[in-house]
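Quick notes on the structure that follows.
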Amino acid sequence: MPKLIWREPIETTTITNKPPGGEGPGLETVPRARLSPEQQAEPRRRVITLGDIAGRESGGLVVLLVAIGALTLASDEFLTGNNLSNLARQVAIFGIIAVGQLLVILTAGIDLSVGSILGLSGASTAQFLVAGMPIVPAILLGVGIGTALGVINGLLVTRALLPPFIATLGMLGIARGIVLVSTDAQTIQGVPEAFQVIANGTILGIPNLLIVAAAVTAVMWFVLTRTVFGRYIYAVGSNPESARLAGVPVRMVTISVYMISGLLAGLGGVLLASRLGAGIPTAGTGFELSAIAACVIGGASLFGAKGSAIGAATGALIMGVLNNGGNLLAINAFYLQIAIGVLILVAVGFDQLNTRRSASSGG
């Protein structure tokens with residue numbers, strides 16, 4: 001091993017305040033400090049990890065790839081065209097709702113009403129169609145109902161100053177009660193076949209639902225990463241008071257994210273009614289928890305300001321793959337619930353661990 005060659009300190013010239021003689025500025029030669037062997041050693045190169053490339057979604061992507069690989073080996077039917085088409089249709093609606101839920105979570109809020117809004121929007125759209133309303137106006141009204149309820153959620157949080165959990169929990173009960181009363185808890189049947197084609201049709205062999213879900217995810221990704229409004233959302237979730245002092249319209253941003261969450265829940269309700277060919281008043285029960293779980297598994301933090309649209313969509317896809325694989329392998333559905341619960345705990349645990357590491361390192 002080669003020996004280290006030590007060199008004498010190189011003299012340098014510096015300006016001093018008190019030169020010899022004491023008059024005016026002067027020059028003095030000062031030897032450069034000798035560096036220790038540790039200081040002379042070259043800095044160690046940092047290894048680039050998957051987390052550096054994919055960000056907070058890296059953990060979800062690893063879980064997704066492992067799940068797909070395991071199911072491919074365990075079942076010959078998993079990669080068939082029919083199964084993948086069914087999987088895409090199942091995951092699409094969850095993904096749309098999860099992306100809307102993500103925007104609320106990024107502001108350190110939560111929306112427990114998305115499942116009930118989905119049921120109300122879908123059943124209302126079916127009622128409009130059965131009553132003879134054209135398809136396009138019926139769809140717009142159904143989505144508009146979800147948007148209006150989302151705005152009300154935002155006003156309850158920003159104007160009435162209710163905690164997001166309480167405000168949206170109340171809306172959960174209100175929306176579910178309205179749909180049960182308006183439909184008399186009966187399934188609305190007889191929607192036009194042209195309406196059913198919207199969710200069940202394909203374009204170049206790709207299910208329409210998957211195309212809509214991908215478009216929604218792409219738009220929300222662009223909004224969060226490439227627009228001022230997206231930066232405002234992260235700023236509000238990080239520190240609302242600091243954001244307000246920096247000129248961010250905190251109230252407008254908060255109302256907007258709840259409005260978008262309601263809009264996407266309404267869109268999900270319309271698509272679900274189209275897929276099932278009927279308006280089911282109990283549709284969407286439990287979807288709010290699935291949407292929150294998808295966001296958390298995809299890397300979002302319930303404390304706000306951390307997460308992405310791609311991560312939320314990845315989390316929804318993981319849950320869909322697990323449920324689909326469980327059906328193919330005839331696994332008890334209760335075990336799948338346990339697996340999803342464990343994933344949530346692990347995801348939150350890693351998030352807390354990374355947060356503590358960042359705080360201890362001053363990052």
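What you are looking at is a predicted structure, and each value in this text was computed from that prediction instead of being measured.
Put simply, the side chain of Asp184 never gets that close to the backbone of Gln186: no donor and acceptor are under 3.5 Å apart. Using a distance-only test at 3.5 Å, with no hydrogens or angles considered, a donor-acceptor pair links the side chain of Asn200 to the main chain of Gln196. Distance alone, capped at 3.5 Å, places no donor-acceptor pair between the Ser85 side chain and the Gly81 backbone. Looking only at distances, no side-chain donor or acceptor of Ser121 sits under 3.5 Å from a matching main-chain atom of Val143. Checked by atom type and distance alone, the side chain of Thr285 pairs as donor or acceptor with a backbone atom of Thr282 at under 3.5 Å. Side-chain atoms of Ser124 come within 3.5 Å of backbone atoms of Leu120 as a donor-acceptor pair (strictly under, hydrogens ignored). Of the possible donor and acceptor atoms, none in the side chain of Asn239 sits under 3.5 Å from a partner among the backbone N and O of Ala235. Formation of a donor-acceptor pair under 3.5 Å by the Ser256 side chain with backbone atoms of Met252 is found in this model. Listed for the Thr254 side chain is a donor-acceptor partner under 3.5 Å among the backbone atoms of Val250. Under the 3.5 Å distance criterion, the side-chain polar atoms of Ser116 are matched with a main-chain donor or acceptor of Leu172.
In this structure, CG on Leu61 lies 5.0 Å from OG1 on Thr314, to the nearest 0.5 angstrom. Distance check, rounded to the nearest 0.5 Å: CD1 of Ile145 to OG1 of Thr125 gives 6.5 Å. For the atom pair Arg89 CZ and Leu271 CG, the distance stands at 12.0 Å (nearest 0.5 Å). In this structure, Ile297 CD1 and Ile292 CD1 are separated by 12.0 Å, a value rounded to the nearest 0.5 Å. Interatomic distance, CZ of Phe287 versus CD of Gln101, reported as 13.5 Å (0.5 Å rounding). For the atom pair OG1 (Thr183) and CD1 (Ile280), the distance works out to 11.0 Å, reported to the nearest 0.5 Å.
By the 4.5 Å heavy-atom criterion applied to side chains, Phe195 and Ile139 are counted as neighbours. The shortest side-chain heavy-atom distance between Gln90 and Asn323 does not fall under the 4.5 Å cut-off. The side-chain heavy atoms of Leu224 and Ser308, taken from C-beta on, include no pair separated by under 4.5 Å. Contact annotation: the side chain of Tyr232 approaches that of Pro249 to within less than 4.5 Å [non-hydrogen atoms, C-beta and beyond]. Counting heavy atoms from C-beta outward, Tyr234 and Lys306 have side chains that stay 4.5 Å or more apart. For the pair Leu156 and Tyr258, the minimum side-chain heavy-atom distance is 4.5 Å or more.
In the model, Asn86 has no side-chain atom that pairs as donor or acceptor with a side-chain atom of Asn324 under 3.5 Å. A donor atom on one side chain and an acceptor atom on the other are found under 3.5 Å apart for Asp111 and Ser113. Inspection of the Arg231 and Thr227 side chains reveals no N or O donor paired with an N or O acceptor under 3.5 Å.
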Next item on the list: Determine, step by step, whether Ile117 and Asn153 satisfy the side chain to side chain contact (heavy atoms under 4.5 Å, CB included) criterion, reporting the C-alpha distance in whole Å, the side-chain angles of both residues, the deciding distance to 0.1 Å, and the verdict.
Entry: CA-CA 11 Å; Ile117 291 176; Asn153 281 335; 4.3 Å; yes

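Glu241 CD: more than 12 foreign heavy atoms inside a 6.0 Å radius.
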